[in-house]
Structure formats: structure tokens, C-alpha cells
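To keep things clear, I will list the structure first and then write my remarks on it.
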Amino acid sequence: MTTLIIGGGVVGLSIAFGLLQQGKSVLVLDGGDGDFRASRGNFGLVWIQGKGVDCPSYSNWSRRSAGLWPGYAEDLKKLTGIDISLSQKGGVDYFTDETELKDRIAALESLKQAVGGDYPFEVLDHSGLKKLVPEIGPKVIGGLYSPMDGHVNPLLLLQALSSAVRRLGGDLRTGAQVVGIEAADRAFSVRLANGDRAEGEAIVLAAGLGASELGPELGFKAPVRAQQGQVLITERLPFFLNYPSGTLRQVNEGGVQIGASKAEIGADDREDLGTIAKLARHAVDVFPHLAPVNLVRSWAALRVMSPDGLPIYQRSTKYEGARFVTCHSGITLAAAHARLLPDWVVGSNQVPDLSDFSEARF
Ligand SMILES: Cc1cc2nc3c(=O)[nH]c(=O)nc-3n(C[C@H](O)[C@H](O)[C@H](O)COP(=O)(O)OP(=O)(O)OC[C@H]3O[C@@H](n4cnc5c(N)ncnc54)[C@H](O)[C@@H]3O)c2cc1C
């Protein structure tokens with residue numbers, strides 16, 4: 001049985017990798033370079049603190065994925081030789097505003113209770129935080145540390161996944177824009193923009209923002225929208241930052257990545273100077289020694305958002321073998337997608353309970 005996967009971003013490739021590890025046959029069809037591709041423009045966090053504040057099962061699912069990450073990264077390294085620079089020493093969120101800090105502490109406390117108490121985090125005042133991260137500036141009033149958080153090099157992840165899929169015998173076709181689907185319960189035939197066709201007995205729609213167009217052909221609502229995020233990166237610096245935060249991290253090559261903004265402006269991936277300045281100002285507020293440092297690059301990319309920001313894992317109500325997968329934190333969830341979703345895709349008994357993430361909620 002061949003599973004067709006539409007979309008070769010981190011979501012589609014992680015599922016492909018997991019299926020191939022189980023010995024399944026996979027054909028990944030990935031669109032053109034003009035497509036929006038969140039997997040090539042993201043911040044690279046494997047982030048848990050604060051996720052699922054209104055949905056404990058999302059918090060648990062993300063945390064389960066974080067727990068699977070070391071083995072997932074190790075599998076990729078063994079197979080491809082690519083070290084994707086996973087670090088899970090914990091993460092710190094920095095606060096310059098008292099009310100924001102108080103609100104976040106209250107949210108984490110309530111989430112901690114909702115998940116049964118096992119939710120490690122520490123509230124640090126300025127001096128406590130300075131012991132952990134000596135470079136913080138006087139505007140930082142405190143922060144939240146959690147050992148659950150980490151980060152990775154997301155471009156190396158994508159490269160390793162592509163290589164792993166091919167090494168395991170998967171067929172990964174690029175420039176393969178799917179423009180139509182003919183479906184029956186266990187027989188799918190997709191039409192490509194270049195006139196080619198591809199066939200499979202199961203299909204996974206993992207096309208990011210492209211899913212909204214193809215979804216209805218498989219019986220999905222696929223209600224995804226774009227949310228723009230801008231990111232900056234500095235020149236390479238001596239290593240000083242051991243812990244990533246939601247807005248600042250030092251990447252494995254030494255640059256400090258600053259981001260990411262959130263803008264509901266539709267499918268617009270152009271940067272603007274106002275946002276870049278705001279992000280840079282925040283970075284200098286937290287780490288004043290960054291003020292004279294050069295920025296070498298900035299970019300905007302589009303997040304793939306469901307209406308409530310939670311993932312969607314949906315079996316088609318029309319066709320037995322069709323699945324739809326999308327999420328807004330595809331790096332964090334990549335390990336769960338590789339290790340746990342294949343069983344759900346092939347419909348075996350060991351499926352994780354994903355009922356909270358069905359499309360029925362919309
Ligand atoms: C600025 C920013 C920061 C982020 N930071 C983080 C973070 O720190 N941690 C985290 O966990 N997540 C983060 N994310 C989210 C993460 O990047 C996404 O969840 C993830 O990349 C989504 O992967 P995807 O494969 O679903 O989508 P994409 O990467 O968009 O891939 C979809 C693929 O489908 C293909 N496609 C589309 N239509 C078709 C078609 N018709 N036929 C064939 N192929 C098609 C496209 O070519 C594309 O390659 C961030 C995102 C952004 C934008």
C-alpha cells in the first residue's frame with residue numbers, strides 16, 4: 001500500500017519519515033518554490049511553557065512530543081549524519097512589564113493544575129534571572145524558566161528529514177503541485193500541474209496553507225489561515241545565550257535570532273521596517289549589549305493557523321483512507337508526528353487519542 005502525502009514541509013516529511021520507519025511505502029508530493037512554506041521561515045523552538053493554556057490536551061500532546069524529540073533527532077542523525085542541533089536544557093521568557101508577568105504566572109499556574117500538577121516552571125525576579133542569564137539588562141523585571149523547553153536548527157531539520165525520507169526508500173518529488181484529486185475509499189489519484197498523475201491507497205493532506213484549496217476534495221473543511229511572522233538574525237557572536245526564549249535565541253552558528261511578530265494581514269510575506277525596529281528594540285531591552293551588533297538578515301513567513309490555533313487531525317468522513325493534518329507548532333510537534341501519527345494514518349489500534357483536535361469543533 002502506498003500512502004500519498006501532499007506537502008513536503010516539516011509536517012508532511014515527519015509523517016513520511018515515521019511511516020517509512022514502519023516499513024510502509026510513501027510518495028511525498030511537494031509543490032513549487034513560489035508556495036508559502038512555514039518550515040523554511042520559522043523560529044526553531046521546541047516550546048512547551050504556555051502552550052495549551054485553554055486546552056490541557058494540547059499541552060500534554062506538545063509535551064509528549066518534546067519527550068520524543070531526543071530519540072527522533074538521534075534517529076535522523078544515525079540515518080543521515082546530520083546533527084540538527086537539538087538543545088533541550090530549558091527555556092526562559094523575559095518580561096519588562098509587571099502585569100504581563102503576573103498574567104503569565106497565573107496562566108501557567110492554572111495550566112499546571114489542569115494537567116495534574118506535573119508542569120515544572122520557576123518564577124525568577126531580576127536578580128534570580130541574572131544568575132541564570134547574566135547579560136540581561138535593567139529593564140528586565142523577571143522571567144519564567146521551564147526545563148520543558150528547547151530549540152533546534154529548523155533548516156537542518158528539514159534537510160535531514162528530506163534526506164532520511166529518500167534514504168529509507170521514500171519517493172519525494174519536488175515541484176509537484178497537486179491541482180486535483182479523484183478519490184474513493186482506498187484509491188486516490190492526484191493530478192499534478194505538469195499533467196502527471198500519482199496513485200495511492202491512502203492519502204495525507206499536509207499542504208500547510210495549500211490545504212484550504214485541496215481539503216474539500218477529500219471531504220475536509222481545512223479552515224486554515226495565514227498569520228505573518230517576521231524574524232531577524234544578527235551577525236555571529238561569541239556564545240552567551242544558553243536558554244532560548246519565545247523571542248530570542250542564539251542559533252548553533254552563533255547569530256542571535258529575534259522574533260517573531262504576529263500579524264493578521266492575510267497571505268502577505270513582506271517585511272516592514274516598523275516591525276523590524278520593534279523586534280530589535282525588544283532584543284536590546286533584554287540584552288543591551290546587542291545594541292551595536294549588526295543585523296544580517298530579516299524575513300517574513302506565514303504561520304498555518306486553524307481558527308483556534310490548535311492542531312487539526314482529521315479522518316475524512318467521506319473517504320476511509322484520507323487524513324488531514326495541520327498545526328501551528330510543527331517543529332515542536334515533529335517528533336510526535338513521526339513517532340505517533342503513523343499508526344493513526346494507517347488506522348491500526350495503537351492510535352493516540354486525537355479527538356480534541358478534530359475539525360468537528362469548528
Ligand atoms: C515566523 C514563524 C515562526 C515559527 N516558529 C515556530 C517555532 O518556534 N516552533 C514551532 O514548533 N513552530 C513554529 N512555527 C510554525 C512551524 O513553522 C509550522 O507549524 C510548520 O512549519 C508547518 O509545516 P507544514 O509542513 O504544515 O507547512 P509548510 O512548511 O508551509 O509546508 C507545506 C508544504 O505544502 C506544499 N504544498 C502546498 N500546496 C500544495 C499542493 N497543492 N501540492 C503539493 N504541495 C503543496 C508547499 O509547497 C509546502 O512545501 C513558526 C512559523 C512561522 C511562520
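Just so you know, ligand 1 is whichever comes first in the structure, and atom 1 is the first atom listed for that ligand.
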Mark up the atoms of ligand 1 that fall under 4.0 Å of a heavy atom belonging to [X], in ascending order.
X: Ala176; answer: 42 (N), 43 (C)
X: Gly44; answer: 7 (C), 8 (O)
X: Leu302; answer: 53 (C)
X: Gly41; answer: 1 (C), 2 (C)
X: Leu29; answer: 43 (C), 44 (N)
X: Ile331; answer: 9 (N), 10 (C), 11 (O), 12 (N)
X: Arg303; answer: 51 (C), 52 (C), 53 (C)
X: Val10; answer: 20 (C), 21 (O), 23 (O), 25 (O)

Looking only at protein heavy atoms, which one is nearest to [atom], and how far off is it?
atom: atom 44 (N) of ligand 1; result: Gly31 N, 2.9 Å
atom: atom 11 (O) of ligand 1; result: Thr332 N, 2.8 Å
atom: atom 9 (N) of ligand 1; result: Leu45 O, 2.9 Å
atom: atom 37 (C) of ligand 1; result: Ala207 O, 3.2 Å
atom: atom 23 (O) of ligand 1; result: Ser39 OG, 3.3 Å
atom: atom 36 (N) of ligand 1; result: Asp35 OD2, 3.7 Å

(request) Output, in order, the C-alpha distance, side-chain angles, deciding distance and verdict of salt bridge (Lys or Arg N to Asp or Glu O under 4.0 Å) for Arg236 and Glu253. (result) CA-CA 7 Å; Arg236 293 174 187 202; Glu253 293 103 345; 5.3 Å; no
Before signing off on this row, confirm whether [X] and ligand 1 have an N or O atom pair separated by under 3.5 Å.
X: Ala260; answer: no
X: Val178; answer: yes
X: Gln227; answer: no
X: Gly210; answer: no
X: Gly229; answer: no
X: Phe43; answer: yes
X: Asp30; answer: yes
X: Ile6; answer: no
X: Lys51; answer: no
X: Cys327; answer: yes

(request) Report the part of Arg40 in contact with ligand 1, treating N, CA, C, O as backbone and CB onward as side chain, heavy atoms under 4.0 Å; options are side chain, backbone, both, neither. (result)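 Arg40 to ligand 1: no contact under 4.0 Å from either part.
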With side chains defined as the heavy atoms from C-beta onward, is the minimum distance between [X] and [Y] less than 4.5 Å?
X: Leu129; Y: Tyr94; answer: yes
X: Glu100; Y: Arg104; answer: no
X: Gln21; Y: Leu168; answer: yes
X: Ile258; Y: Thr247; answer: no

(message) Rounded to the nearest 0.5 Å, what separates atom CG in Leu248 from atom OH in Tyr243?
(response)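 One finds 15.5 Å between CG of Leu248 and OH of Tyr243.
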(message) Distance check, rounded to the nearest 0.5 Å: Ser25 atom OG versus Leu20 atom CG?
(response)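 Result: 8.0 Å between the selected atoms.
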(request) Return the orientation label for the Tyr313 and Trp344 ring planes: parallel under 30°, perpendicular over 60°, tilted otherwise. (result)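 Rings of Tyr313 and Trp344: perpendicular, as their planes differ by over 60°.
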(request) Using the six-membered ring wherever Trp is involved, compare the ring planes of Phe188 and Tyr319 and label them parallel, tilted or perpendicular (cut-offs 30° and 60°). (result)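 Taking Tyr319 first and then Phe188, their aromatic rings stand perpendicular (interplane angle over 60°).
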(request) Decide whether the shortest distance between a heavy atom of Phe36 and an atom of ligand 1 is less than 4.0 Å. (result)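 It does, in that a heavy atom of Phe36 comes within the 4.0 Å cut-off of ligand 1.
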(message) Looking at ligand 1, is there an atom of it that comes within less than 4.0 Å of some heavy atom belonging to Thr326?
(response)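 Per 4.0 Å heavy-atom rule, Thr326 does not contact ligand 1.
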(request) Identify the residue among Ile203, Val325, Leu19 that makes a side-chain contact (heavy atoms from CB on, under 4.5 Å) with Val345. (result)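 When Ile203, Val325, Leu19 are each tested with Val345, the side-chain contact (heavy atoms from CB on, under 4.5 Å) holds only for Leu19.
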(message) So, applying side-chain contact (heavy atoms from CB on, under 4.5 Å) with Leu295, which one of Thr234, Val256, Leu290, Leu279 is it?
(response)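 Going through Thr234, Val256, Leu290, Leu279 one by one, the side-chain contact (heavy atoms from CB on, under 4.5 Å) with Leu295 is satisfied by Thr234 alone.
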Side chains of [X] and [Y]: do they bring a donor and an acceptor to under 3.5 Å?
X: Ser329; Y: Lys51; result: yes
X: Gln49; Y: Asp93; result: no
X: Ser59; Y: Arg63; result: no

(request) Answer with yes or no after comparing the ring centroid distance for Trp69 and Tyr72 against a 6.0 Å cut-off, counting only values under it. (result)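 Yes, they do, as the ring centres are separated by less than 6.0 Å.
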